[in-house]
Participant: 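I am attaching a structure below and will ask some questions about it afterwards.
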Amino acid sequence: MPFKRPLSSHTSDDSESASSHDGPSKRLSSPWNIERDKAVLVYILRAKIHPETMSELAMLVENYKIERVNKSHQGSSVVSELNLELTTDVEKADVIVTATNMRQRLERHINWRIAKTKAIVTPLWLQDSVKSGRLLPCGSYVAVRDSEDETSRNQDTSSGNSFYSPSGAEKEGSWQTEQDELIDAAEVELLSHNAKYSCLRPSPLVCPNQSLVKEIDIIRRGRNIEGEERSMVSYSRAISVIKAYPRVITEHNIQDIRKLPFLGEKILSMIEEFLKTGRITEAQTMLADPRFQSLSTFITIHGIGPYTARRLYGLGLRTLEELERYYEVKPGVSDEETMSLLDADASANTEAAAEQSIKIGLALRHDLSQTIPREEVEDINRTIMRELSHIQKGCKSVIAGGYRRGKSQSSDVDIVVTHTDWNLGSQKVKGLCRKLVQRLHEQGFVTHVMHLSGFHEHNVLRTHHWDSLEKALTVFVWPHNSSQRRVYRRVDLIFAAPEVFWTAVVGWTGSTMFERDLRLWAKQQKGMKFDSSGISRRHDSKLYHPRTERDVFKVLGLIYIHPTLRNADA
Ligand code: 8DG
Ligand code: CA
Ligand code: CA
């Protein structure tokens, strides 16, 4: 669950009026009830935390503090509001960070009477908060099950983070957004960072070796744009293994790293080079290569994949301005007849549609390349679900993608929708995607549709669960704030029948490598087929209809992994 924030926290005017109303000393930065400029005091309980991890956590706070102070002295306008201080006095602490998940164990070190007045969270909360530069909602990071109530009360009383608790009219049940599970520390302990499949490993958003991961990712990107698929997957695998490794890699523990899966001699020597120099020569050479630069830039445009990027490069094109001229696009202007897609055949996957999609992506690239903060992602979901409730009551949604994995900024919004009626929902969502996009267009929210696909008729040559998803890749804009410049956002809408809703949510939550390994695990270890639109058993085509996300993992014979631990990519 999230921190409470003022309803209109994104406008500076509102925060000013809040302070003049309440007086600055009363203005609260969060429901922790900590005054705005006061630091959040963090007590890290040593028990069960490896000494190395302990010092990493402490360093994390200290380095962050130094960076924040420096920025503030330099008069930077991006000084984070997150103000953390370590304390060794648990009584003074606002938050207790612990790897212990049992109340009895915690009580061996801290009096419960004191502990229960604090937020008690896992180390991941600290790592993710520092990474995102804000006090993250604690609900998903509750460490001790017994403390859930206390933790919620101590830091967090408001509605939706990755879910939205309807208020006012929405409470009447016309639509809802699903709540995410909490992290269960005991369950996380059952996972192993040595496992061969990333769906068996806990992979945090930011890992202790993040700068190494970023460097290797440059080489992975190089392989991707050149179409070297096998090599790209090898680098993706290596990255995913490092993402799950829980300690900082140093020259002293490199022997441990040698035991991890998928790290061949070449990668190991790159890691050694990185440890010595902070760089990998091959990555740096790539960054300096004009071809790498052009192709990397081209694939940032929606609709341009590596293959098209190489074709355009082959035509002598090098910059986005040259692409604009080639496609006869004016920046910021896109009055393509894209809405005609609404009338076109559902599977209009023609070359013309692909080119149209590139033209839109190119024209709107300045907006579409901007990331979207979590609050706006939630606003977009709320708005879309409100519009949907005018067409069909009783639907529910989950915001999937990177948002669900805990990213503070998303490049687009992925919303998976179904109907709450288990028996009749399938009929009720049929055709809804197209109707919703039509309505959103009429209301001025959707300006373009890059792709629209409907339910396919049953086709015996396909496995049947391919029939069950409807999908619209759209461009969304806030229509009514004429005082501000409108910003175009990419929004993916996915409609699923109730029986495949949770497989769709798992499939669209990612990350990409996590998904790849889920499919591989299902096939190699379970004789099953998994994709966003369903799970089936290969030998008799039996279909599974999981009722919860946990059920998806259970059917696949996997320990549940919280979405924030599915960050198996860089
Ligand atoms: P971000 O860059 O958007 O912040 O990160 P992301 O949310 O992880 O990336 P994404 O490109 O929006 O992809 C989200 C997940 O959705 C990812 O795991 C892959 C999956 N996905 C697509 N396209 C499709 C598709 O056409 N079908 C299915 N089943 N899954 C898809 O991106
Ligand atoms: Ca996304
Ligand atoms: Ca997406």
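Heavy-atom basis, side chains included; hydrogens, waters and symmetry copies ignored. Note that ligands are numbered from 1 as they come in the structure, with each ligand's atoms numbered from 1 the same way.
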Participant: Within this structure, what is the SG-CD distance for the pair Cys433 and Gln438, rounded to the nearest 0.5 Å?
Facilitator: 11.5 Å
Participant: Compare all side-chain heavy atoms of Leu436 with those of Ile391 and state whether any distance is below 4.5 angstrom.
Facilitator: yes
Participant: Arg490 and Thr474: which non-hydrogen atoms are nearest, and at how many Å?
Facilitator: NH1-O, 3.0 Å
Participant: I'd like to know if Arg223 pairs up with Glu282 as an ion pair, taking the criterion as any Lys NZ or Arg NE/NH1/NH2 lying under 4.0 Å from an Asp or Glu carboxylate oxygen.
Facilitator: yes
Participant: For atom 26 (O) of ligand 1, find the nearest protein heavy atom and state the residue, atom name and distance (0.1 Å precision).
Facilitator: Lys471 NZ, 2.8 Å
Participant: For atom 5 (O) of ligand 1, what's the nearest protein heavy atom and its distance?
Facilitator: Lys407 NZ, 3.5 Å
Participant: Starting from atom 20 (C) of ligand 1, find the nearest protein heavy-atom neighbour and note its residue, name and distance.
Facilitator: Gly507 O, 3.8 Å
Participant: For atom 18 (O) of ligand 1, what is the closest protein heavy atom, and at what distance to 0.1 Å?
Facilitator: Gly510 CA, 3.0 Å
Participant: List the atom of Leu452, the atom of Ala472, and the distance in Å for their closest heavy-atom pair.
Facilitator: CD1-CB, 3.5 Å
Participant: Does Arg310 reach the side chain of Pro306, with side-chain heavy atoms less than 4.5 Å apart?
Facilitator: yes
Participant: Please determine if Ser411 has a nitrogen or oxygen closer than 3.5 Å to a nitrogen or oxygen of ligand 1.
Facilitator: yes
Participant: Got the closest protein heavy atom to atom 8 (O) of ligand 1, with its distance?
Facilitator: Arg405 NH1, 2.8 Å
Participant: With the threshold set strictly below 4.0 angstrom, can you tell me whether any protein non-hydrogen atom sits that near atom 23 (N) of ligand 1?
Facilitator: yes
Participant: Just to confirm my output: which protein heavy-atom neighbour is closest to atom 15 (C) of ligand 1, and how far is it?
Facilitator: Trp508 O, 3.4 Å
Participant: Please check if a non-hydrogen protein atom sits closer than 4.0 Å to atom 11 (O) of ligand 1.
Facilitator: no
Participant: Are the charged groups of Arg365 and Glu321 less than 4.0 angstrom apart, N to O?
Facilitator: yes
Participant: Rounded to the nearest 0.5 Å, what's the gap from CD1 on Ile535 to CD on Glu499? Could you check?
Facilitator: 12.5 Å
Participant: Does Asp128 pair with Lys131 as a salt bridge, N-O distance under 4.0 Å?
Facilitator: no
Participant: Is there any N or O on Asp414 that sits under 3.5 Å from an N or O of ligand 1?
Facilitator: yes
Participant: State whether Asp217 and Lys214 are salt-bridged, where the test is any N-O pair (Lys NZ or Arg NE/NH1/NH2 against Asp/Glu carboxylate O) under 4.0 Å.
Facilitator: no
Participant: For a distance under 3.0 Å, tell me if Asp414 has an N/O/S atom near the Ca ion (ligand 2).
Facilitator: yes
Participant: Please classify the Asp412 to ligand 1 contact at 4.0 Å (heavy-atom distances, strictly less than): side chain, backbone, both or neither.
Facilitator: both
Participant: Atoms of ligand 1 less than 4.0 Å from Ser410 heavy atoms?
Facilitator: 4 (O)
Participant: Are the side chain of Ser389 and the backbone N or O of Arg386 linked by a donor-acceptor pair below 3.5 Å?
Facilitator: yes
Participant: Please note down the angle at the Ca ion (ligand 3) between OD2 of Asp412 and OD2 of Asp492, to the nearest 10°.
Facilitator: 90°
Participant: At a 4.0 Å threshold, what atoms of ligand 1 neighbour a non-hydrogen atom of Glu515?
Facilitator: 18 (O)
Participant: Would you mind checking which non-hydrogen protein atom is closest to atom 29 (N) of ligand 1, with the distance to 0.1 Å?
Facilitator: Ser532 OG, 2.7 Å
Participant: Under 4.0 Å from a heavy atom of Gly401: give me the atoms of ligand 1 that qualify, with their elements.
Facilitator: 7 (O)
Participant: For atom 6 (P) of ligand 1, grab the closest protein heavy atom and report residue, atom and distance to one decimal in Å.
Facilitator: Gly402 N, 3.6 Å
